[in-house]
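The structure appears right after this line, and notes come after that.
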Amino acid sequence: MKTVEFVLLSLLSCWVGTVYSFGIVPKPYANQPSLDITRAGFVQSIASAAVLLITPKEARADITNKLASKAALRNVKSAQKKLASIELYVANNDYASLKLALREAPLSDIRKACTTLVKGGEDGPDADKLQLQYKKFMTSLEKIDALASLGMRGRNISNQDFYSSYKGTVDTLASFLDVAREAIEIPIQYTD
């Protein structure tokens with residue numbers, strides 16, 4: 001919102017606040033009621049304008065997610081370590097253990113943490129790249145989960161396909177983390 005538009009909106013809201021506040025008193029003794037502004041109403045409208053003009057401008061990124069980005073980054077890093085530790089399940093085609101590991105913390109909370117990072121970085125120059133890396137990671141994570149489900153049901157899955165899917169998940173998470181580290185370092189951008 002431009003500054004001029006913001007000032008006009010503030011003045012309009014002050015006028016509306018004055019009209020509907022207790023400051024304007026109709027004269028009950030006149031044929032045509034006229035409106036008088038009392039001192040209290042005038043002071044109230046000036047105070048309303050001051051509050052509206054002093055409040056900070058809106059931020060482009062959700063400030064809550066921007067502030068929570070550091071904690072979310074720590075959560076994603078711990079999920080990355082957990083993902084690296086389940087390589088043995090992939091090598092042994094232990095589908096049930098892999099699915100269980102994907103549903104335990106910190107991997108169970110990775111979608112929420114990644115979404116926080118994406119929303120916190122939406123005002124930066126790499127917002128599109130961050131969103132793209134997030135989608136790639138989620139796609140590969142869902143693929144390995146689906147392959148594990150098929151393997152549990154008895155479908156024949158080649159070791160090479162299963163392992164390459166796992167490696168793709170690990171690599172896309174690493175790519176996402178690289179972009180996310182840069183995105184959380186960018187300070188909050190306010191609109192003009």
Side-chain angles (χ1 to χ4, degrees), residues 1-2 55-192:
M1 187 180 282
K2 302 283 185 211
T55 56
K57 298 174 187 165
E58 63 187 38
R60 282 187 244 160
D62 183 9
I63 194 163
T64 305
N65 288 315
K66 190 70 171 176
L67 295 175
S69 291
K70 291 191 187 273
L73 186 66
R74 284 192 302 271
N75 291 342
V76 174
K77 284 180 182 177
S78 67
Q80 184 182 30
K81 290 177 185 174
K82 177 73 173 181
L83 190 62
S85 71
I86 64 174
E87 185 174 6
L88 184 62
Y89 300 147
V90 176
N92 293 334
N93 291 337
D94 190 357
Y95 305 119
S97 296
L98 176 71
K99 284 190 69 73
L100 185 65
L102 291 176
R103 282 156 178 74
E104 292 176 347
L107 287 172
S108 63
D109 300 328
I110 197 165
R111 188 180 300 264
K112 180 180 176 185
C114 289
T115 303
T116 301
L117 289 170
V118 169
K119 286 182 180 177
E122 68 187 3
D123 64 341
D126 292 335
D128 293 334
K129 188 176 179 183
L130 187 64
Q131 182 73 28
L132 178 68
Q133 292 299 327
Y134 170 72
K135 287 180 181 178
K136 285 182 180 178
F137 168 64
M138 282 298 136
T139 301
S140 64
L141 185 66
E142 290 168 358
K143 181 180 177 184
I144 195 166
D145 186 51
L147 284 175
S149 293
L150 292 174
M152 284 177 62
R153 292 185 189 127
R155 184 174 280 177
N156 189 13
I157 298 171
S158 72
N159 292 344
Q160 185 179 5
D161 287 343
F162 194 52
Y163 191 75
S164 66
S165 177
Y166 167 75
K167 274 309 219 185
T169 304
V170 171
D171 293 342
T172 55
L173 179 58
S175 299
F176 175 77
L177 272 173
D178 290 340
V179 177
R181 279 189 201 104
E182 296 170 8
I184 68 165
E185 297 301 322
I186 298 170
I188 297 172
Q189 304 291 318
Y190 292 99
T191 59
D192 290 333

note = Those residues at least two apart in sequence (or on a different chain) that pass side chain to side chain donor-acceptor pair (under 3.5 Å) with R111 are E142
note = Between the CD atom in Q133 and the SG atom in C114, the distance rounded to the nearest 0.5 Å is 11.0 Å
task = Specify the closest pair of heavy atoms between R181 and D178, including all atoms of both residues, with the distance to one decimal.
result = NH1-OD1, 3.0 Å
Partner set under side chain to side chain contact (heavy atoms under 4.5 Å, CB included) for A72, not counting sequence neighbours = A113, T116, L117
inquiry  = For S164, give me all partners under side chain to side chain donor-acceptor pair (under 3.5 Å), at least two apart in sequence or on another chain.
reply    = none
request  = Just jot down the ring-ring contact (aromatic ring centres under 6.0 Å, His included) partners of F162, sequence neighbours excluded, or say none.
outcome  = Y95
Let me have the donor-acceptor pairs involving side chains of residues 77-90, under 3.5 Å, with sequence neighbours excluded, atom names and distances please.
{"unit_1": "S78", "atom_1": "OG", "unit_2": "N75", "atom_2": "O", "d": "2.8"}
{"unit_1": "S85", "atom_1": "OG", "unit_2": "K82", "atom_2": "O", "d": "2.6"}
{"unit_1": "E87", "atom_1": "OE2", "unit_2": "Y163", "atom_2": "OH", "d": "2.3"}

Nearest heavy-atom neighbours spanning S140 and T169 = O-OG1, 3.1 Å
For the student: nearest non-hydrogen atoms of S69 and I184, plus distance = CB-CG2, 3.4 Å
key: From T115 atom OG1 to Q131 atom CD, the distance as rounded to the nearest 0.5 Å   = 8.5 Å
Heavy-atom closest pair, residues L130 and A183 = CD2-CB, 4.1 Å
ask   = Applying ring-ring contact (aromatic ring centres under 6.0 Å, His included), which residue pairs with at least one partner in residues 101-157 are found, sequence neighbours left out?
value = none
inquiry  = Less than 4.5 Å apart, side chain to side chain, heavy atoms only: is that true for L98 and N93?
reply    = no
Residue pairs passing the ring-ring contact (aromatic ring centres under 6.0 Å, His included) test where at least one lies in residues 98-118, sequence neighbours excluded = none
ask   = Just how far is it from atom CG of L150 to atom CG of N156, taken to the nearest 0.5 Å?
value = 11.0 Å
request  = Taking the side chain as every heavy atom from C-beta outward, state whether L173 and I110 have any atom pair closer than 4.5 Å.
outcome  = yes
query = Is atom CD of Q160 surrounded by more than 12 heavy atoms (other residues, nucleotides or ligands) closer than 6.0 Å?
reply = no
message = Suppose we screen for side chain to side chain donor-acceptor pair (under 3.5 Å). Which residues come up paired with S175, at least two apart in sequence or across chains?
response = none
note = Contacts of A105 meeting side chain to side chain contact (heavy atoms under 4.5 Å, CB included) (sequence neighbours excluded), chain-then-number -> S108, D109
key: side chain to side chain donor-acceptor pair (under 3.5 Å) against R103, all qualifying residues, sequence neighbours excluded   = D145
key: Reported CD1-to-NZ distance for the pair I144 and K167, which is rounded to 0.5 angstrom   = 11.0 Å
message = Can you tell me how far apart CD (E185) and CG (L73) are? Round to the nearest 0.5 Å.
response = 8.5 Å
query = Sequence neighbours excluded, which residues qualify as side chain to side chain contact (heavy atoms under 4.5 Å, CB included) partners of A146?
reply = none
ask   = Roughly how far, to the nearest 0.5 Å, is the OG atom of S97 from the CE atom of M152?
value = 9.5 Å
request  = Taking side chain to side chain contact (heavy atoms under 4.5 Å, CB included) as the test, write out the residues that go with K143, two or more places apart.
outcome  = L147, S165
